[in-house]
Every structure is written in structure tokens, then in C-alpha cells.
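What follows is one structure encoded as C-alpha cells, with my remarks underneath.
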Amino acid sequence: MTTRRANFLTEIIDADLAAGRVTRIATRFPPEPNGYLHVGHAKSICLNFGLARDYAGTCNLRMDDTNPVKEDIDYVHAIEKDVKWLGFDWAGSVRFASDYFDHMYAAAERLIAQGDAYVDHQTVDEIRANRGDFGRPGVDSPYRNRPIAENQALFAAMRAGEFVDGTCVLRAKVDMAHPNLLMRDPLLYRIRHAHHHRTGDKWCIYPMYDYAHPLEDALEGITHSICTLEFESNRELYDWVLDHTVAPKGTPWNPRPRQYEFARLGLGYTVMSKRKLLQLVEDKRVNGWDDPRMPTIAGMRRRGVTPEALRDFAELIGVAKNNSLVDIGKLEFCVRQDLERRAPRAMAVLQPLSLQLTNWPLGHTDTLPIAWKAGEAATRPVPFGREILIEREDFSEDPPRDWKRLSVGKEVRLFGAYFVRCDEVVRENGEIVGLRGTVDLDSRGGEAKDGRQPAGTIHWVDASHAVDCEIRLYDRLFTVEQPDADGDFLPHMNPDALQVVQGQMEPAAAELAGGMHVQLMRVGYFFSDPVDSEPGKPVWNRVIGLRDTWAKPVGRTDSRAERRKEPGEPRKDAAQKKNRAEWRAEKRAATAELAAAYGRYGALGLDADAADLLTEELETVAFFDAALRAHPHPQSLGRWFLNDLEGLRKARPLADLPFDGAVFGHFVALLDGDRITVPAGKQLLAHLLAQGGDPQALIATLGLGKVDDSAAVLAAIDAVLAALPAEAERLRAGEQRLLGVFIGQVLKQLRGSADAGAVRQALLDRLKA
RNA sequence: UCGGGGAUCGUCUAAUGGCAGGACCGCAGACUCUGAAUCUGCUCAUCUAGGUUCGAAUCCUAGUCCCCGAACCA
């Protein structure tokens, strides 16, 4: 396994491997071929293929083509190309959901035979209305209890094309009152008389995503089916399908795939939904899916972003379950970092300003060999003559104090060439149209004989040799960080996301072929457009500008920080939903035994919160009363019950625990009797929960008995202090936060059986001594 | 309204009861034939309130805020 940043998925996989749930890892990347892949998909691709690579497993590329009216073969090819370009290869051939239509159909027939599915003749509107909503349960379809034989005949007729679209659907028979709306008899198949890009006209019924996807995964032997957060609710249905179907051999699915969800990529200053991207393309607001302004993989590729940069980006942002909006600066950082390493340097002037060198011999051209990259041997010839073009913004008539460029009377170095000084400004109608200056003929190559250093170094091209070429300056597609935050995203489009300028480029660079990266010095990283460049007529795309610490901070207004709300007060509004405490109070009012217990616990000296919590269920009261009989110490019993047992048992009912209230009472008695320390008590409780047993006997078995051997404690303290000399020094110097580390270490040596408070005191005493 | 998730520097992400770490951004300095790169340093965070514990980002209780879910889409 190559080292890779751990995340919650690698933890799950490690645990699955360790527990033997799986013996190999199989993932998949399952796009629907209804649009181009974007940078969000790139994250998913890097995740799925990366996991397969790191665990020496496999990753399938699978087209999820279950809806023929939206999908297209052209998208299939584009997707394959993008995944390959990103640097990944799938196991075997490309898979298609449509390859499994026969299996899916057979599985549906089986569901019908099991009584787990039925044909519903309600209309779309009826189905929707009868599904209920978040507040109301649904109502059963009048067709829900059709005889199995009738369902079988009807489903066969659906397949045979005897019904027009929308006549009926196949539904799973789950529960119309299920709190998860997806489980209210989900649709499995719908009728669609449509031509499918692969199966042609073989089918006129097509499976729904929620039914098809788990079967696709299971059929391919996928172990970890990774998708995005919005599918969390779908997981329950995913599991239902796998629980109610079997593998082709008739056995339960093995390996049985599990679905896990991670946060999709949200990226600032762009939109990521396929619908919106499609709209930009169809409305011709961009020039196609591969427009370099688009966040599509195709667009970024054409712009000049490299696969390495994209993969670095995926690594940089990590994988988690937080909804997040990634700063686009992180992507830009990855792009710059990669291009910095790979791009040769050249010079071009975007907004030329002429500089006449009055002391340069008329008609003479010097040809300078300048390295493509600093420190490397390879050079290109760069002509230098009497008229030089510099960047307009590299000259100032009224320079600020720290100006490092050209101004009247000041000298700069023309990169790789000569020192020049500006003597005067040439104007026409008040406009600056050129500069006149002189060159230090002794500074050829950029070094002055007398060793003096100029104010700065600027880029330039020789006017008579410069090549005119189209330069496309790309910028962020939107002017705000969250264009789709509310309402229409189109008004936020950045009209300057593409600016075309005619640049003047040095001749050697202008001959670079299409698909080449170059850094135009002091301007940015550029890529010769692979589509529009022609031999001798290159078109250059700006991939990203250089980091510019001198430019005025454009100020990334921190819209998000402003949005952050103050923590709210607990709502006092009576109309709001009841809180848990109110709910329990009501329940007590209705149940005499709970109310009695509440009063009794109060009288026993338990505080109101504890008494409240303990009287939520009769079952709890019974358990607690039993514990009380075994060990009549309400406070400690309440503290261990509420703080530890409740957390450890999670949702497990008390009745399912391998011990009863009396045993719990005995357990707490051990703690109150100082027979065992608190951490050891927690260990013991965890053990009890897992396997039951007699607490008293387990103390010996597990070696958890309390040790009151102060000599052993002192020995352990000295051993730890000696083992961590640097930290011990800091601790002596008063770094209190290290105290915990030492207590922990000492406790570890003593196998948790010493009293932590005593260890702390002993440690403090030892340090004073 | 019901169900499912989530909350740690400005941003992304670690820490699985024991020193809140890394990266991006920002700031400062060094260096520089790119105001780039490189190098050094710095600023900056555990949603709130209680509780348990020697010790809580982590466990318990209560609350707040955010996201997802009611297509014959995926």
C-alpha cells in the first residue's frame, strides 16, 4: 500500500479488512452519461481509483445508463477520455448498467414471487399524493395487494410493450408509513418506450436508480460503493434491495457491497451542477463543454491544467463528510505549483509600449542566447534591436517609492539582455505613445561591468522581430464566490472571464507547437490552445496568472465569515416543537408509575436532571430500581448509568444487555468500595456490555484490580520522566498541559490500575523534589 | 412537521480521553536577472451551556446553526 492521506473511508476499509468482512477492495466510478465530467467528478475519480490503487484492488468504470431519454453515447466517449487523461485505468472493459438489465428483470420477477413487489396502476399524481409527506404517512395503493399471479402477468405485459408510458409501474412493497419517504413503496421499474444507446429497442421498461444501483454493485463484486452525501437517505433502500435479492447462483450476495457517502466538492466562483453546466453550453454563454472557462475536465484540460495538478488538488482538499466550499485559490495553487516545475520561460508583451534606444546602432540586431529555464543549458536565440517593446504597466511617470520598474531617469535590466535607462517620454495629444532611452552597451547578458544593480528587471521583446499572436486571458467564470447561493446564477457571470488581446511574442516561443506550456515571464502560465492554434499562428490560453504580492490586494471579501451567525438562544416560542425534557414531563404526567419514580428519585437525593432522565421509560425505572436494591447509592448509580452506560449501549434496549440492573448495582458497588479505578471501571463496563459476566470475578480475570502500591507508582513516574527527558524539562518549566501526557504514560505503565488522582499528586510532589 | 447527516484557524483537513497538528490564504523578513520561485518566521480555531473525569475537540445532557430527503432523475 502506498502511503496516502487517511480519511474516514480508509478507516472503514482497514477495519473491514482486519475483521475479514472483505478480502480485497473493489470500488467503482459510476457516472451517468448525460453530460461532461467536472472537477467534482475528478475528486470522486481520484478517490475511487486511488483507493483501488492503494489497496491493490480494482476500480470499475461504469456508465449508469438506466434512463435512455437523457443519455447519449457521445458522453460515454467523453467520460472515458477524461478518466484516462486524469491518469486512471479501469479494471477490464467499461461496464454499463444496461449490461445487467436481464439480471435486474429476473430479480424483479423474484421480488414479485416473494410478495415483495407489485404493479401499481395509480397515476403519477396519485402516487405522489398518496406518498404523504414529512409530516403525514402515506396511504396504501389500491393495487398494493394484488395477487402474485396477477402481478407476474402484468409485469410481463409491461415488458412486452402492452402499455403506453405511464400506465403503471413496478413498486417494492415496503411500508407506506415509513419515516424515510424513499421507503414508502419505492418505484422499481417504469415504462419508457425509448431507444437506448446500447440496448436499442430491446426494452421498453427501465429500472430506477435505487433498484439498479445496488444490483450493479453486487453483480460486479463491489465491496465499497462510494457516493456523495445526498444519497444518505438512499442507503436504507440500497440495503433493502440487497437484502431481498440474491446472487445469480441463488446465494446471498458475497461480498455484500456497502454504501458510504462523502461530501461532494463545492468550489468557489463556479457552478458544478450538470444542469447548470448544460445550460451554459446550450445557451452559448460558453463555447462548448470544453470551453477553458468551464470547470469541466475537458475545459480545464484545454485551458492547460494538468492531470497532476488536478490529482494534487484532490489530495489537498481531502475527503470528509462536512459540507464544504473549497477556496478556488487552492486549485490555483496546485496549478501554479505544477506549472512552475514544468513550464519553460519565454517573453511576450501584452500591452506594448515602445522604447527607442537612441544609442543603439541603426539596423543592428544582437541575438542573445537565453536559457529556457534558469540553470538549464538549453537556450533559444532572442533578438535585440533599436526598438524594444515593454509592458505598458512597467513604466510609470510618477512612480511610488518602492517602484522596481522603469521611470524617467531610472535604469532597469531587460531580462537576459541589457540595462536601459529612460530619458524621455514621447507624447501625442497628451497620451504617452513611446519612450526614448539609452542602453548600456557594456551590460550585454544582463551584467554590468562595474557590478552595479538596476532597480529591477522587466520582460521585453524586440519590436522588429516580435510575433503577433492571440492571447486569451481567462479568469474566474463568476464574480461571486457562490453564484448559485440564491436565485439565478447567470447574472453573476463574469463578463471578463475571457479577454482576448493581441500580444507581441518573442519569435522562438511563437514557434512552440500546440499543447505546450510556457511561463510568460512576469505575466503567467500559458498553454497553446490545442484546438484553435495553427502552425505559425498560435493561440495562447492563460492557465493562471503568477502570484502577485505587489499588486493591490483585491481583497477577497470574506462573505462567509460575515454570514456566520451568532449562536442562537434556545427557542422559547411555545409554538416550536417540544424539547426532550418537555416530552418526558408529558409522558410522566400520563404515566403514574413514571411520576411516582420521579418523586421517589428526588426524595432519594438525585438531582432533578438525573431523575428526569431516569424516568423516560418504565424499562429504565425497573432497571435502575433493581440496581438500587443491589447497591443503594443513588448518586453514583445515576452518574454511571447516565454518563457511561447510556453512551456505551447506544440504542440497545436495556432488556438486550447481557446483564441486569442487579449486576449493574454490584458493578457500581465495586467502584464505590474503591476496589477499582474509574478508567478500569469503564473498561469493565465495556466488557460487561460485550459479554456479560460477574463484575467481581472479572476484576481478577481482567487484571483490573486497584493497586495502592505507592512505591510502584513512584517507580513508574521516574521511569516515565527518564523516558521523556525533553518533555520532562518542559513540564518542570511549568508547561501544565504536559501533565496529562505524563499521567497517561504512568497509568499505562501501571496498566490503568492506579488511582489517577494519586498519580497526579505523586507526580507533582516528585517534580517539586 | 418527520427521517438522515454535519459543525475544529478566513478556507480545506488531522488529532479515536493525554502537547489542538498540517496545508492554502494572509503578514514580515531573507534571497533573487521574473514584485515569480525558493527559504525563514509570524498571525489565526474546537458552535453554546451544563455535567462526568486527574485530564474533554473527543464521553453524557440540553440547546443552536447548516446540509440532504416528498421525479415514473441519478
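The sequence lines fix the lettering, A, B, ..., with proteins before strands; numbering per chain opens at 1.
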Separation of [X] atom [atom1] from [N] atom [atom2], in whole Å?
X	N	atom1	atom2	result
A:Ile317	B:A23	CD1	P	18 Å
A:Leu645	B:U52	CG	C1'	14 Å
A:Glu232	B:G69	CD	P	11 Å
A:Asp185	B:A71	CG	C1'	17 Å
A:Leu614	B:U61	CG	P	12 Å
A:Gln453	B:C31	CD	C1'	12 Å
A:Arg184	B:A71	CZ	C1'	16 Å
A:Asp239	B:G4	CG	P	15 Å

Residues in ring-ring contact (aromatic ring centres under 6.0 Å, His included) with [X], at least two apart?
X	result
A:Tyr206	A:Phe101, A:His196
A:Trp372	none
A:His121	A:Tyr143, A:Phe163
A:Tyr211	A:Tyr189

If we require ring centres under 5.5 Å and near-parallel planes under 30°, does A:Phe134 stack on B:G69?
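So yes, this residue stacks on that base, both cut-offs being met.
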
Select base, sugar-phosphate, or nothing to describe what [X] touches, counting heavy atoms under 4.0 Å on all strands.
X	result
A:Leu642	sugar-phosphate
A:Glu126	nothing
A:Phe333	sugar-phosphate
A:Phe231	base
A:Arg413	base
A:Asn67	sugar-phosphate
A:Asp402	base
A:Asn34	nothing
A:Glu447	base
A:Trp403	base

When you measure from the side chain of [X], which nucleotide among [options] comes out closest?
X	options	result
A:Arg737	B:G35, B:A74, B:A20	B:A20
A:Leu181	B:A70, B:U34, B:A74	B:A70
A:Asn323	B:G69, B:U34, B:G5	B:G5
A:Pro179	B:C73, B:G3, B:G35	B:G3
A:Ser324	B:G35, B:A74, B:U13	B:U13
A:Arg547	B:U11, B:C25, B:U1	B:C25
A:Asp327	B:G35, B:U11, B:C68	B:U11
A:Glu230	B:C12, B:C68, B:A71	B:C68
A:Met208	B:U34, B:U11, B:C72	B:C72
A:Arg730	B:C19, B:A74, B:A23	B:C19

Measuring to OP1 and OP2 of [N], would you say a side-chain N or O of [X] lies under 4.0 angstrom away?
X	N	value
A:Thr66	B:C73	no
A:Arg264	B:A74	no
A:Asn322	B:U13	yes

What pairs with [X] under side-chain hydrogen bond (donor to acceptor under 3.5 Å, both in side chains), at least two apart in sequence or on another chain?
X	value
A:Gln453	none
A:Thr228	A:Glu230
A:Asp765	A:Gln761
A:Arg730	A:Glu735

Would you indicate whether A:Arg452, at its atom CZ, is surrounded by more than 12 heavy atoms from other residues, nucleotides or ligands within a distance under 6.0 Å?
yes

Under 6.0 Å from the CZ atom of A:Arg264, do we count more than 12 heavy atoms belonging to anything else shown?
no

What string of B, S and - do you get for nucleotides 38-46 of chain B, 5' to 3', when a contact is any protein heavy atom under 4.0 Å?
---------

Between which residue ranges does RNA chain B form stems of three or more consecutive Watson-Crick or G-U wobble pairs, both distances under 3.5 Å?
B:2-7 with B:64-69, B:10-13 with B:21-24, B:26-30 with B:38-42, B:47-51 with B:59-63

Any N or O donor-acceptor pair linking the side chain of [X] to the base of [N] at under 3.5 Å?
X	N	answer
A:Glu727	B:C19	yes
A:Arg192	B:C72	no
A:Gln519	B:U34	yes

Geometric class of the A:Tyr238/A:His213 ring pair [parallel <30°, tilted 30-60°, perpendicular >60°]
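Judged by the thresholds at 30° and 60°, the geometry between A:His213 and A:Tyr238 is tilted.
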
Comparing nearest nucleotides in RNA chain B, the 5'-proximal residue of the pair A:Lys321, A:Thr123 is A:Lys321

Return whichever of A:Val741 or A:Gly416 has its heavy-atom-nearest nucleotide of RNA chain B closer to the 5' end.
A:Val741

Summary of salt bridge (charged side-chain N to carboxylate O under 4.0 Å, His left out) pairs that have at least one residue in residues 183-192 of chain A, sequence neighbours excluded:
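Found A:Arg144-A:Asp185.
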
With a 4.5 Å heavy-atom cut-off, do A:Gln519 and A:Glu340 have their side chains touching?
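Yes, side chains in contact.
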
I want to verify the glycosidic state of B:A49; is it syn or anti under the 90° rule?
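For B:A49, whose glycosidic angle is more than 90° from 0, the conformation is anti.
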
Can a salt bridge be assigned to the pair A:Arg136 and A:Asp133 using a cut-off of 4.0 Å between side-chain N and carboxylate O?
yes

In terms of side-chain geometry, is the basic nitrogen of A:Lys321 or A:Glu232 positioned less than 4.0 Å from the acidic oxygen of its partner?
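A salt bridge is present here (some side-chain N lies under 4.0 Å from a carboxylate O).
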
Distances for protein N/O vs nucleotides 53-59 of chain B N/O pairs under 3.5 angstrom?
| unit_1 | atom_1 | unit_2 | atom_2 | d |
| --- | --- | --- | --- | --- |
| B:C54 | O2' | A:Arg760 | NH1 | 2.6 |

